[in-house]
Structure formats: structure tokens, C-alpha cells
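Here's the structure we're looking at; comments come further down.
Both backbone and side-chain heavy atoms feed into the values below; hydrogens, waters and symmetry mates do not.
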Amino acid sequence: MTDASDLQPTSDTMRAALLTGIGGPEMMQLGETAVPLTLNSDTLVRVKAAGVNPIDGKTRSGAGAAKAITSFPSTLGGEFSGVVVRASYELAPFQPGDEVYGMLLFPRYSGAYAEYVSVPFMSLAKKPKNLSFIEAGGVPLAVLTAWAAVVEAGGVYTGQRVLIHAGAGGVGHFAVQLAKYYGAHVITTASERNHEWLRELGADQVIDYRNERFEHVIGEPVDVVIDLIGNVKDQTGSRSLHVLRDGGTLINVPTGSYPELFDEAAAENRGIVASTLKLSPEGRILQTITQLFEQGALQTHVDRVFPLAEAGAAQELIADGHVRGKVVLDIDAESGAPRRD
């Protein structure tokens with residue numbers, strides 16, 4: 001537990017990385033905005049670190065959740081770690097001083113690129129004791145996405161063969177670990193520099209997508225495909241149908257990345273189960289994940305840490321597609337060169 005007395009808001013405003021309009025990274029500007037209100041079950045959290053995800057950059061550029069933004073400036077960010085400074089009621093599960101991490105639904109709630117967030121306590125969990133705030137800040141949205149794909153929608157179990165595209169990314173490196181934890185034979189695609197690391201995380205076969213066609217080297221058909229790319233690159237989604245067994249499952253994660261999914265899956269006429277994925281910020285699942293971290297069954301990797309003022313640069317780094325693990329904003333850091341954590 002942390003002393004929350006020095007973390008209380010001292011005014012009605014706070015520092016935030018503000019989205020000032022739709023466009024490039026220059027639309028992200030450091031500024032001041034109102035400290036969010038807490039209503040009903042909301043908990044006020046002093047943010048220590050916020051994860052940066054592909055959806056953030058997509059939203060900034062006019063895709064993603066952009067259509068739901070009703071006014072500018074707006075605050076992006078869907079995952080964070082921090083310290084509770086105001087509980088929703090006296091005996092609420094999370095009290096001032098509790099170190100937590102969580103996910104919020106932007107833009108229904110103001111995002112996590114800021115000093116404070118207001119979030120329902122059911123979207124929080126205790127921060128794993130063995131993770132720093134920086135490490136934990138990049139976990140919730142990514143790991144809950146991986147959990148939804150592997151455990152809930154994919155239903156992965158012992159003995160299955162699972163293919164995970166983009167295994168070295170934020171969601172991917174959690175998906176690899178979860179699929180292995182649940183007993184699967186894990187195959188993943190990644191650039192060569194990430195192969196040894198992914199094997200350390202539990203991958204049984206790593207395919208260099210730059211030099212090999214995965215459908216040519218996988219061998220036996222797979223039971224489940226977790227597609228974190230879709231058809232936006234090299235028709236990855238369409239090609240994945242051809243490595244699935246009859247009756248297998250394909251989970252397409254990035255919104256809008258494979259619009260042909262259902263038509264093509266049906267055309268195969270092999271009983272393939274196809275699904276997109278939507279995410280719910282459930283603290284109860286995150287609490288289970290906390291236990292996995294503390295037991296050593298899961299680990300996270302932070303590739304780069306940026307100060308809040310450089311949120312646009314952090315988004316552009318992710319858009320380049322070559323990040324290992326997560327990119328995180330250090331909310332209290334001064335501007336300067338990004339560091340490796």
C-alpha cells in the first residue's frame with residue numbers, strides 16, 4: 001500500500017496528453033484538462049503509468065474509436081497502473097493507498113494518458129507485487145485481449161495446436177504464454193530477432209514471416225488461430241484458413257482488419273468457426289491474471305518508456321509494427337529521449 005495523501009488532486013485540473021483533433025502525431029499535445037468526476041461505483045486513481053496500444057494511434061488518425069469522440073480535446077488511453085486516491089464508498093474493495101491496475105472504456109470514460117482516471121471498481125485489480133508501475137501499466141488491455149482470445153473465445157486446452165500471429169507484440173506475447181499455460185502446442189510468427197525470446201516464453205515453433213510462408217512450414221493443421229494481423233498485411237487472415245483443421249476456430253482480433261472473414265470461412269465449407277473479438281474491462285479476470293504474474297506463470301516485457309509529453313511519438317513507434325512487448329507512458333517523467341525499461 002502507498003501513502004495516498006500526497007497524490008490527491010490539488011486543483012480541478014490535471015496534466016494530460018490531449019488529442020486536439022484527428023490527424024498525425026502532432027495532434028497529441030501536453031496540456032491541462034479537468035480532473036474526472038467520480039460517480040456511483042467510480043474510483044479515482046492517480047495514474048503512474050499508461051500503456052500505449054495500436055487502437056490509440058488508429059483513433060487519433062480517424063479510425064478506431066474516433067467516431068465516438070464528441071468533442072476535442074479528448075484524452076486517449078485504455079490501460080494504466082496507479083494508486084487509489086478516492087474510493088467509491090467506505091467499504092469498497094479498493095481503498096486509498098491501494099496499488100492497482102486496470103482497463104477503462106474510452107471514450108465513455110476519459111482515457112489514461114493523464115494524471116488521474118475515474119474508473120468503476122469492477123474494472124480494477126490489485127497490481128501484481130512483482131511488477132513495477134511501469135510494467136503493470138502496459139498489461140491490462142493487452143492481457144485481457146489475449147485472455148479473451150485464447151481462453152474465452154478460443155477455448156484453448158491441453159493437446160491443441162494453436163497458431164498465434166504477431167507473437168512478439170503487446171497482445172501476442174501474452175497470448176503465447178497463456179496458450180502454453182493451458183497446455184497447447186504453440187506456433188507463432190515473428191521476425192527473426194524475436195525467435196529466441198518467444199521460445200523462452202513458451203512457443204514451440206517460431207516462423208520467420210519475412211522469409212517463410214507459414215502455411216508451407218506449419219505441418220499438421222492447427223485447431224485454433226489467434227489472428228492479430230488480419231488481411232491488412234499479406235492476406236494473413238485468408239491464408240490462415242488454409243492451415244486450420246476442419247471444424248477449427250479462427251479468432252480475428254484487430255477491428256476491421258479482415259472484413260472478408262465470415263464469407264471466406266463459410267466458403268471453405270469445412271465447419272470452421274470464425275469470430276471477431278470485443279473486450280470487456282473485467283477486474284475479476286485481471287485478478288486471476290495477477291495471480292499468474294505473482295506465481296511466475298506470466299511475464300511482461302516493456303520495450304520503450306516515453307514521457308507523457310511524447311505520447312504521439314509512442315503511438316508512431318507502435319504503428320511501425322516492430323515493438324517487442326509493450327510501450328508505456330511514464331506519467332511523472334519529464335520530457336526527454338525515450339528509454340528502454
Side-chain angles (χ1 to χ4, degrees), residues 54-55 58 63 142 145-146 148-157 159-180 182 184-195 197-199 201-278 318-324:
I55 186 65
K58 291 177 182 178
T145 302
V150 172
V151 181
E152 295 178 341
V156 171
Y157 57 85
Q160 286 191 314
R161 290 169 56 82
V162 178
L163 170 62
I164 299 167
H165 288 302
V171 175
H173 84 298
F174 291 131
V176 166
Q177 295 175 78
L178 287 170
K180 192 64 179 179
Y182 280 95
H185 177 90
V186 181
I187 307 164
T188 190
T189 59
S191 61
E192 187 176 5
R193 77 180 184 93
N194 290 312
H195 284 203
W197 176 62
L198 284 167
R199 291 190 184 98
L201 293 183
D204 297 286
Q205 181 180 0
V206 188
I207 299 169
D208 183 356
Y209 67 88
R210 291 175 174 171
N211 297 308
E212 299 176 300
R213 305 290 282 182
F214 64 83
E215 63 268 37
H216 296 164
V217 297
I218 280 180
E220 297 177 32
V222 301
D223 300 282
V224 180
V225 174
I226 307 297
D227 179 14
L228 301 173
I229 299 176
N231 274 359
V232 296
K233 184 174 182 181
D234 202 18
Q235 297 297 110
T236 298
S238 296
R239 291 161 54 210
S240 296
L241 292 171
H242 305 309
V243 301
L244 271 172
R245 67 167 175 82
D246 292 355
T249 301
L250 192 155
I251 309 297
N252 172 249
V253 178
T255 301
S257 65
Y258 186 7
E260 311 90 348
L261 170 62
F262 297 104
D263 289 341
E264 291 188 356
E268 287 286 314
N269 198 29
R270 295 191 288 119
I272 290 172
V273 178
S275 179
T276 56
L277 195 70
K278 301 298 179 185
I318 288 182
D320 189 46
H322 302 295
V323 169
R324 174 186 286 189

Correct closest heavy-atom pair for Leu228 and Ala166 would be CD1-O, 4.1 Å
Minimal heavy-atom distance between Thr188 and Ala203, with the atoms involved, is CG2-CB, 4.0 Å
Crowding at CD, Glu268 (>12 non-hydrogen neighbours, <6.0 Å): yes
Can you tell whether the side chains of Arg239 and Asp234 come within less than 4.0 Å, N to carboxylate O? yes
Donor-acceptor under 3.5 Å (Arg210 side chain, Glu192 main chain): no
If you count every heavy atom of other residues, nucleotides or ligands that lies below 6.0 Å from Asp320 atom CG, does the total exceed 12? yes
Nearest-0.5 Å distance, OG1 of residue Thr255 to NZ of residue Lys278: 3.5 Å
Applying ring-ring contact (aromatic ring centres under 6.0 Å, His included), name anything that partners Phe214, two or more places apart in sequence or on another chain. His165
Please identify which of these residues, Ile164, Ile207, Val162, meets the side chain to side chain contact (heavy atoms under 4.5 Å, CB included) condition with Ile187. Ile207
Member of Val186, Ile226, Val171 meeting the side chain to side chain contact (heavy atoms under 4.5 Å, CB included) criterion with Val176: Val186
Measure the CG-CZ distance between Asp208 and Arg213 for me, rounded to the nearest 0.5 Å. 12.5 Å
Quick check against the 3.5 Å criterion: does Glu260 have a side-chain atom that pairs as donor or acceptor with the backbone of Gly237? no
Should Lys180 and Asp204 count as side-chain neighbours, where that means a heavy-atom distance under 4.5 Å? yes
First locate atom CG of Leu261, then atom CG of Asp227, and finally report the distance between them rounded to the nearest 0.5 Å. 8.5 Å
Closest heavy-atom pair, Tyr182 versus Val151, reported as atoms and distance to 0.1 Å, is CE1-CG2, 3.7 Å
Please name the pair of heavy atoms, one in Thr236 and one in Ser240, separated by the smallest distance, quoted to 0.1 Å. O-OG, 2.7 Å
For Leu198, is there any backbone N or O sitting under 3.5 Å from a side-chain donor or acceptor partner on His173? no
Which atom pair, heavy atoms only, marks the closest approach of Phe262 to Ala274? CE2-O, 3.4 Å
Distance-only, no hydrogens or angles: does the Arg270 side chain make a donor-acceptor pair with backbone N or O of Leu244 under 3.5 Å? yes
Taking all non-hydrogen atoms of both residues, which atom of Ala142 and which atom of Gly170 are closest, and how far apart? CB-O, 3.8 Å
Enclosure of Tyr157 OH (heavy-atom neighbours >12, cutoff 6.0 Å): no
Can you see whether Ser257 engages Asn252 through a side-chain donor-acceptor pair at a distance of less than 3.5 angstrom? yes
The reported gap from NE2 in His242 to CD1 in Ile218 (rounded to nearest 0.5 angstrom) is 12.0 Å
Rounded to the nearest 0.5 Å, how far apart are CZ of Arg199 and CG of Asn194? 11.0 Å
Rounded to the nearest 0.5 Å, what separation is found between the CG atom of Asn269 and the CG atom of Asp246? 9.5 Å
Asp223 and its side-chain hydrogen bond (donor to acceptor under 3.5 Å, both in side chains) partner, picked from Arg161, Arg245, Gln160: Arg245
For the pair Asn231 (side chain) and Ser238 (backbone), establish whether a donor and an acceptor sit closer than 3.5 Å, ignoring hydrogens and angles. yes
